[in-house]
Amino acid sequence: MKKELPKAYEPQQYEDAIYQRWEQSRFFNPDVCVKKGITDKNTPTFSIVLPPPNVTGTLHIGHAAMLAIEDVLIRYHRMKGDRTLWVPGTDHAAIATQEKVERLLWNEDQKTRHDLGRDVFLKRVEDFAQDSHDKIINQTKKMGSSLDWSREYYSLDEKRNLAVRKAFKKMYDAGLIYRGDRIVNWDPKMQSNVSDIEVVRTEEKTFFYYFQYGPFVIGTARPETKFGDKYVVMHPEDTRYAKYKHGDTFECEWINGKITATIIKDEAVDPEFGTGVMTITPWHDATDFFIADRHGLDKEQVIDLNGNLLEIAGEFAGMNILEARPKIVEKLTQKGLVVRIDEEYVSAKATNSRGGGLIEPQIMKQWWVDVKKKFVIENSQMEGIENGKEYSLQEILQHAVRSKQIEIIPERFEKQYFNWVDNLLDWCLSRQIWYGHRVPAWYHGDDVYVGVEAPEGEGWQQDSDTLDTWFSAGMFSFTPLGGVDEETDDLKNYHPTSVLETGYDILTFWVVRMIMMTTYLRGEVPFRTVYLHGLVRDEQGRKMSKSLDNIIDPLDVSAKYGTDAVRLSLLLGSAPGNDTKLSDEKIGSFRNFTNKLWNISRFTIGKVQETSYKIQKNIQLPQAHTLADQYILMKINHVVEIVTGLLESYQFSLAGEQLRDFTWGEFADWYLEIAKVEGNKSEILNYCLNNILKLWHPYMPFVTEAIWTEMYGEENLLMVERWPVFVETTTGEAQAIQEDFDTLQKIIIKIRSLRSDYKIEPRKKVSLVLNEDANNIFLLLQNNIDVLKTLARLETVEFGGKKPDGAISFVENGVEMYLNLIGVLDIEKETEHINKEIATVEPYVNSLEKKLSNTEFVHNAPAQVVEQEKKKLADAKEKLEKLHTQLIYLLTLRDF
RNA sequence: GGACUCAUAGCUCAGUUGGUUAGAGUGCCACAUUGACAUUGUGGAGGUCAGAAGUUCGACUCUUCUUGGGUCCACCA
């Protein structure tokens, strides 16, 4: 016989040891499960590749939410018997990690990466990354994540690097990757180009200047770019400027003397904005760049890569642009060319989301993915994409989701997906940072060689640029399982993966790129389902950030409340794709529930051990002896069905709430209380607890495993037990049980409520009398008389009696009942009570009568609904009648 | 400028093809507590479902508009 469990669950005493047992079992690896006969090798597979956390530090609570959701899916599928694989990894996060280390380097040593040189700097980044990696892995394990560590990968390791080089070469050979001069987002601070989605725009108040430019007045927020402006552009339909013709030239006085300007008509100009006329700076503005491109105009560089003015600026050459701006305006003022200045102008300032450098557009040679170029596909396994036909990457992206070969949950994010994909622009791949995969291109004179390996011969030099981190990330559905052009068992078994679970904030960064890269390289989708979760915010709904000091560290709260409580607080009370608010209080309330489950188990096990019954692990549906037994067995079966359905449809919050309501509300508050009365329930208690632990395991792996160990010993792991199976029953039977139990519950609650209203001491027992028309529930109450008496604290129950003097009446299921409260009945109070109840029932009856007398309702509504309403009316009327009788009785009493 | 999303009890949220006297958790109030449960139990108060119009026999649910939060996209100099 085992020892009694401790009174309270202390997570710290169990969690680490349990995780170790899981790891030592090696059951996180599906191959081991098959080998040990736990999983059948012919069952379906279920696979997830963990979105690899960036090695930029430690995990935040958002990662913990991601781990919790994925672990629920994984543990559920593993228990269901699927060959279940969850692959861990970490991401080098090129730009983010380099920026972080550069910042540290500057703060600690006041040095830049250039002071150290490429090799030394990279060593420093790698050390930092390694340190981050180790912390992240520890945290991930602490959260209970059942990841297959034998398959762990790093986005910058040798295998992933080979995949990057192969993919690049393949796409280059197909003409999908090209090198070209385009306008890019240059960050002078980081000395790198960044992609459009890495740029954030914030509104900022600036001055907006109106300058005289020949016969025109032009507006600009950036006078420092205007040196080279020699084209003046207006809308072709703008009647104000109809007399000027496209291509006309004129001479005018400008910043550094006379220039010749050319008139250009282009629809990109908004006649409503400013004066409807502008000059363009194609080298430093994207709009201007495209205008210049359309008309074949000259492009001249004005600002260098450090943000300083070039020779073209004359006396301002070498000056930083921000320093030069007021001086240029001053000079133009002296020349009488400033018309006016709008000081309240709001413009969108572009900054690098990593590091915050001010973006200065520049024309530069970079590597790009051409998303619109058609290519002949040869490896397609996708429906609707035929081999030998031509498609562009963009078309395949559209098709994959439109044809539902990839399902996005919640569905509304499909709109965001298409909004992005339909307007897709070429993807700029190259970055001038050092940390990351190198562009696999080599130069020798004017020759460019793109390949997996460096070319033979002297004098070749590798491109110094690195690749956008999302280029390698775009292959993460398959590179952890096998390489490009390589068929491994893992790829055969686990790819496409079942679901990509990630935050909605990286739908465009990552999800789109994964679909693009994988459909091209493998001819199949990377995953079947995309499940997007929301962001975790603080209790006031703000984003968590260091500056607000509102960060909740998963390790802190895990130590304080236990990992299971943290997981529950992240899983419950949130909807897919919606942000959730988290607070200490919320986690605390789930810690309470964890402890409740512990005590439920403690009591249940104790109860069973009082009898000669021996606890079983594999237990069939037991025989019910009482209504309560029938009820709880029916209920647990029902919960299995509901929870399984909700998990299958990714409704983690609802599934958890259903389980909690069942466990706390039905099982603990009712069934266990009844079990104390009825006794002799070892088998059913064993059955219930067994199933409850299994159902909770995906949500609360530690406490359930700890209890399981107490019940069945160290040699059994709940983690690989079989998920409960829903048993088909006749619905009529279940409904009858439900109705009977409902009636019993309602009577007990009513009596408790009356006792509370009349301030009857909990210890004091009272008597219940049911009048003579109690036939319909006579048997029900007779059969459950002990339960009724104990839970409602009744001395006696008398059937078919008359109303005792001084008793209060109530109606339940059409039966009038009297609670004998001799000496405590307060006529005034009771009158008030009844009146209050009448006041709620009367309008209800009226509304039902009105509804049913409405012939349109009776004709148009389905017969079933009409019947339902009729029954409601009959019940309510009966109740109202009895309330009136009671009221009259009270009035006669008062008259005495 | 184009979209998306949210608005239900003090707080956090359910409410899935339109038919409920609108629910839960938490907080609050009252009572109880050697009892599996420091972290418990029982009971209670608390909502014109943001506002307006429409469709319908019937709207928290569908449509349109308004108001107020949040988010994404976009080359307004």
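The sequence lines fix the lettering, A, B, ..., with proteins before strands; numbering per chain opens at 1.
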OP1, OP2 of [N] versus side-chain N and O of [X]: anything below 4.0 Å?
X	N	result
Lys415(A)	C73(B)	no
Tyr561(A)	U39(B)	no
Asn860(A)	C57(B)	yes

Across the strands shown, which category fits [X] at heavy-atom distances under 4.0 angstrom: base, sugar-phosphate, nothing?
X	answer
Gly219(A)	base
Pro843(A)	nothing
Asp669(A)	sugar-phosphate

Identify each atom pair where a protein N or O and an N or O of nucleotides 11-15 of chain B are less than 3.5 Å apart, giving names and distance.
| from | atom 1 | to | atom 2 | distance (Å) |
| --- | --- | --- | --- | --- |
| U12(B) | OP1 | Lys581(A) | NZ | 3.1 |

Residue whose nearest RNA chain B nucleotide is more 5′ - Arg222(A) or Lys596(A):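 Between the two, 5'-proximity favours Lys596(A).
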Base-paired stems that RNA chain B participates in, counting runs of 3 or more Watson-Crick or G-U pairs under 3.5 Å: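 Output for stems: B:1-7 with B:67-73, B:10-13 with B:23-26, B:28-32 with B:40-44, B:50-54 with B:62-66.
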Applying salt bridge (charged side-chain N to carboxylate O under 4.0 Å, His left out) between Asp875(A) and each of Lys879(A), Lys871(A), Lys872(A), report the one that passes.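 Per the salt bridge (charged side-chain N to carboxylate O under 4.0 Å, His left out) rule, the option paired with Asp875(A) is Lys871(A), out of Lys879(A), Lys871(A), Lys872(A).
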Across nucleotides 20-28 of chain B, 5' to 3', mark each nucleotide with B, S or - according to how protein heavy atoms within less than 4.0 Å reach it. SB--SSS--
Which whole number of Å gives the distance between the P atom of G18(B) and that of U26(B)?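 Per the computed distance, 32 Å lies between those P atoms.
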Taking only the C1' atom of each, what is the distance from C29(B) to U16(B) in whole angstrom?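 Between the two C1' atoms, the distance is 36 Å.
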Between Glu237(A) and Lys265(A), does at least one N-O distance fall below 4.0 Å, as a salt bridge requires?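 No, no charged N to carboxylate O under 4.0 Å.
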Can you see whether Trp283(A) has Arg222(A) sitting over its ring - NZ or CZ less than 6.0 Å from the centre and within 45° of the normal?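 Checked: cation-pi criterion not met.
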Taking only nitrogen or oxygen atoms into account, show me every contact under 3.5 Å that the protein makes with nucleotides 43-45 of chain B, one pair per line with its distance.
| from | atom 1 | to | atom 2 | distance (Å) |
| --- | --- | --- | --- | --- |
| G43(B) | O2' | Ser756(A) | OG | 3.0 |

side-chain contact (heavy atoms from CB on, under 4.5 Å) with Arg182(A): which residues, sequence neighbours excluded?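 Arg182(A) satisfies side-chain contact (heavy atoms from CB on, under 4.5 Å) with Tyr178(A), Trp368(A), Asp426(A) only.
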Provide a list of protein-nucleic acid N or O atom pairs under 3.5 angstrom, restricted to nucleotides 59-62 of chain B.
none

